> 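Once you've had a glance at the structure underneath, I'll fire off some questions.
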Amino acid sequence: TAEPLATTVARWAARDPGRAALVHGERRISYAGLADDVARHARAMIAAGVRPGDRIACLAPPSPEFVVTLLAASAVGAIWVGLNPRYKLEELRYVLGDCTPRLMFARTEIDGRGYAAELTAIAQDHPAMTIVTADTQPAFLAAGEATQIAPLESRPPVGREPCMIVYTSGSTGRPKGAVLHHAGIAAFAEAQNRLWPLDPMRVLNYFPINHIGSVVDITCPALAGGGTVVLMEKFDPRESLALMARERCTLWASVPSVFQMQLDLPDFAGFDLSAVQLIVWEGAPMAEPLIRRLHAIHPRLATNYGMTEATSAILAEPPCADPEVLARSVGRPFAHAEVRLMAPDGQEGDAGEIQLRSPLAMLGYWNRPEETAQAFTADGWLRTGDIGRRLADGRYAIAGRIKEMYKSGGYNVYPLEVEAVIDGHPLVHASAVVGVPDPLWDEVGVAFVVAEPGLTAAALLEHCRAHLANYKLPKRIELRDALPLLPIGKVDKVALREAARALPP
Ligand code: ATP
Ligand code: MG
């Protein structure tokens, strides 16, 4: 069993009321202020008829209402769902149709985009759903005033009851809603705080709230450990560094593409990041040159490997000062995760698909029994869809995603290996390789590369030739100004595969 996150936050509030829980622009919200707001929202949710197991959605950027609704939902036993403001109407309809919330909190305008048309359409789709906006919030909260609830800090313990639905990133297809449970969230937050001894964890969050990184990796561990989450509604590389400097962030946590943007700023050296105690990346492989640049900025680096369905990380390299180690592996299993590697022939060994067994893993995909069944093996292990290797020292290395692998002249090619070679060229900023059909070789690789103006495709191909077997050489190198990114900052390989297929011969 575990306690709902709202309970943990209320205990921090009782112990140290003035401690900063959230920072949002010029606003600072203490643990006492947060616990109070959560209790008001929890009462109002009950007054609005929310029952345990009901879904509560939140359409907002990283902001206090995200955290307040998440915690209040956890207090009343509802299942919270984060919605990305960047979703188009069709995507909102897909997610809401999938999880059918009873209550939805929504901004009517975010970053200059109005949501009136979307909200009208959604209200028509879901007549039984109450939508709470800034206009209706006072009445919503007032209705809860008279409602009695047990104090948050005395909420009964919870176990594997669902507490949120987190949609996957959509790297390989439509996002799937993983149902995560209270015990898993609490156990992960605790494991993370143990692995990263920061005093206290002060971390910037600009990740979309529908994503595991924003909710489970950053917000939950920080609040469970009495830390501070600095909320940034709209990511901008320069402003993100300015905010980290202003708020003296101790943890610099992000995804590789964002580190790249931040480090590439011409005035990067002007930001005071002296409060940083640890740099962490996760979600995608990090190119070795980038690891070295980060290491030159701060000697303590760490990385996590995981997935939404596992309730975040299952493998981790704890704070480490050796860039070599971080360049070749993603560390060892967390104590809570059993990991095995399965070869395509079904033999367990030192290479193959990474599969895991963990009490923290999702309960299943919301509403999708078939996909849930496919996510697990017959003997109950969760498949990651990633290929890994176990190194002699017990660490694991990621070779790539099974779905990204392509076959060229009968050989398997993992784009990750080709990308690592391309990224090793001193003039290259970023690269992504996809396989496309080819009449002669079955499939061939197309490399999309962002590089300094001086680099030509021919010179880059020479560089690849020196490091890769012939069948792994990309057939084409396309120089681009930028790579398309998914909302979370991962390279959008589905878009690149389409772009590669559409290239003129
Ligand atoms: P979808 O499942 O919708 O296709 P997704 O798999 O990208 O999208 P997430 O759950 O956010 O959705 O990401 C998990 C995946 O991210 C892993 O399966 C793995 O491929 C990749 N990943 C996570 N951490 C790392 C890491 N440290 N190094 C390399 N790859 C990583
Ligand atoms: Mg996935």
Side-chain angles (χ1 to χ4, degrees), residues 82 84 91 94-95 98 164-180 188 207-218 253-259 279-288 290-291 301-318 320 325-334 337 339 353-356 360-362 365-366 368 371-372 374-376 382-389 395-405 414-417 419-420 423 432 485-495 497:
N84 190 341
E91 293 163 298
Y94 166 71
V95 172
D98 194 43
M164 56 178 92
I165 301 175
V166 182
Y167 284 80
T168 58
S169 291
S171 299
T172 57
R174 274 200 140 181
K176 301 173 288 263
V179 183
L180 308 184
F188 180 72
F207 293 108
I209 66 164
N210 61 309
H211 191 265
I212 187 91
S214 185
V215 185
V216 180
D217 292 324
I218 293 184
S254 202
V255 295
S257 62
V258 170
F259 280 116
I279 301 177
V280 180
W281 63 90
E282 48 191 85
M286 178 90 119
E288 184 167 353
L290 210 50
I291 297 178
L301 309 174
T303 192
N304 273 359
Y305 159 88
M307 65 192 303
T308 310
E309 294 89 333
T311 308
S312 191
I314 51 163
L315 296 168
E317 185 63 46
C320 162
V325 166
L326 288 150
R328 69 183 160 80
S329 81
V330 291
R332 299 185 175 91
F334 271 90
V339 173
E353 183 184 17
I354 305 172
Q355 300 180 350
L356 66 123
L360 280 58
M362 67 167 179
Y365 294 118
W366 182 258
R368 279 170 211 244
E371 276 161 288
T372 302
Q374 283 163 12
F376 292 90
L382 179 62
R383 350 172 69 115
T384 62
D386 297 313
I387 297 289
R389 269 181 306 121
R395 290 187 168 90
Y396 287 74
I398 309 296
R401 288 179 188 261
I402 295 173
K403 283 195 179 162
E404 284 184 10
M405 187 198 81
Y414 288 99
L416 186 57
E417 185 187 357
E419 289 157 8
D423 291 341
L485 298 178
L486 294 166
I488 186 62
K490 297 190 192 205
V491 174
D492 186 346
K493 292 240 169 150
V494 174
R497 214 167 292 125

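No experiment lies behind these values; they were computed from the predicted model shown. Read the numbers this way: they start at 1 and go in the same order the structure lists the ligands and their atoms.
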> Would one find an N or O of Arg174, backbone or side chain, under 3.5 Å from an N or O of ligand 1?
no
> With a heavy-atom distance limit of 4.0 Å, tell me whether Met307 approaches ligand 1 through its side chain, its backbone, both, or neither.
both
> Does NZ or CZ of Arg332 fall inside the cone over Tyr396's six-membered ring, less than 6.0 Å from its centre and within 45° of the axis?
no
> Heavy atoms only: which of Ala316, Gly331, Ser169, Ala284 is nearest to atom 26 (C) of ligand 1?
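Comparing heavy atoms across Ala316, Gly331, Ser169, Ala284, the nearest one to atom 26 (C) of ligand 1 lies in Ala284.
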> Can you sort out the partners of Ile291 under side chain to side chain contact (heavy atoms under 4.5 Å, CB included), two or more places apart, ordered by chain and number?
Trp281, Met286, Leu301, Pro323, Leu326, Ala327
> Would you mind listing which atoms of ligand 1 come within a distance below 4.0 Å of any non-hydrogen atom of Tyr305?
19 (C), 24 (N), 25 (C), 26 (C), 27 (N), 31 (C)
> Heavy atoms only, cut-off 4.0 Å: how does Lys490 contact ligand 1, side chain, backbone, both, or neither?
side chain
> Minimum distance, heavy atoms only, to atom 10 (O) of ligand 1: which one of Leu486, Thr308, Asp386, Asp217 is it?
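Ranked by closest heavy atom to atom 10 (O) of ligand 1, first place is Thr308.
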> Would a 4.5 Å heavy-atom cut-off, applied to side chains only, mark Asp98 and Arg368 as touching?
yes
> Got an N/O contact under 3.5 Å between Pro175 and ligand 1?
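Between Pro175 and ligand 1, no N or O pair is found under 3.5 Å apart.
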> Nearest heavy-atom pair of Thr384 and Leu356: which atoms, and what distance?
CG2-CD2, 3.7 Å
> Any heavy atom of His211 sitting closer than 4.0 Å to ligand 1?
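His211 counts as a contact of ligand 1 under the 4.0 Å cut-off.
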> I want to know if ligand 1 touches Gly170 in the polar sense, i.e. an N/O pair below 3.5 angstrom.
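It does: an N or O of Gly170 is found under 3.5 Å from an N or O of ligand 1.
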> By the definition side chain to side chain contact (heavy atoms under 4.5 Å, CB included), identify the one residue from Ile488, Val215, Asn84 that meets it with Phe207.
Ile488
> Could an N or O of ligand 1 be found under 3.5 Å from any N or O of Asn304, whether backbone or side chain?
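Yes; the residue has a nitrogen or oxygen that sits under 3.5 Å from a nitrogen or oxygen of the ligand.
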> Below 4.0 Å from any atom of ligand 1, is there a heavy atom belonging to Gly283?
yes
> If you draw a 6.0 Å radius around CZ in Arg497, do more than 12 non-hydrogen atoms from other residues or ligands fall strictly inside?
yes
> Starting from atom 29 (C) of ligand 1, what is the nearest protein heavy atom, named by residue and atom, and what distance separates them?
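So the nearest neighbour among protein heavy atoms is Pro285 N, 3.3 Å.
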> List the closest protein heavy-atom neighbour of atom 14 (C) of ligand 1: residue, atom name, distance to the nearest 0.1 Å.
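The closest one turns out to be Gly306 O, 3.4 Å.
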> Within ligand 1, which atoms have a heavy atom of Ser171 less than 4.0 Å away?
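So the atoms of ligand 1 that pass are 1 (P), 3 (O), 4 (O), 5 (P), 7 (O), 8 (O).
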> I'd like to know if Lys176 and Glu371 make a salt bridge, using a cut-off of under 4.0 Å between side-chain N and carboxylate O.
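The answer is no: the pair does not qualify as a salt bridge.
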> Measuring from atom CZ of Arg401 to atom CD1 of Ile387, what distance do you get when rounded to the nearest 0.5 angstrom?
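If I round to the nearest 0.5 Å, the distance is 12.0 Å.
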> Among all protein heavy atoms, pick the one closest to atom 6 (O) of ligand 1 and tell me residue, atom and distance.
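Checking every protein heavy atom, the shortest distance to atom 6 (O) of ligand 1 gives Arg401 NH1, 3.0 Å.
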> Does any non-hydrogen side-chain atom of Thr311 lie less than 4.5 Å from one of Val216?
yes
> Would you kindly specify which portion of Thr172 sits under 4.0 Å from ligand 1, judged on non-hydrogen atoms: side chain, backbone, both or neither?
both
> Does either side chain, that of Glu317 or that of Tyr305, offer a donor lying less than 3.5 Å from an acceptor on the other one?
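Per modelled atom types, Glu317 and Tyr305 side chains form no pair under 3.5 Å.
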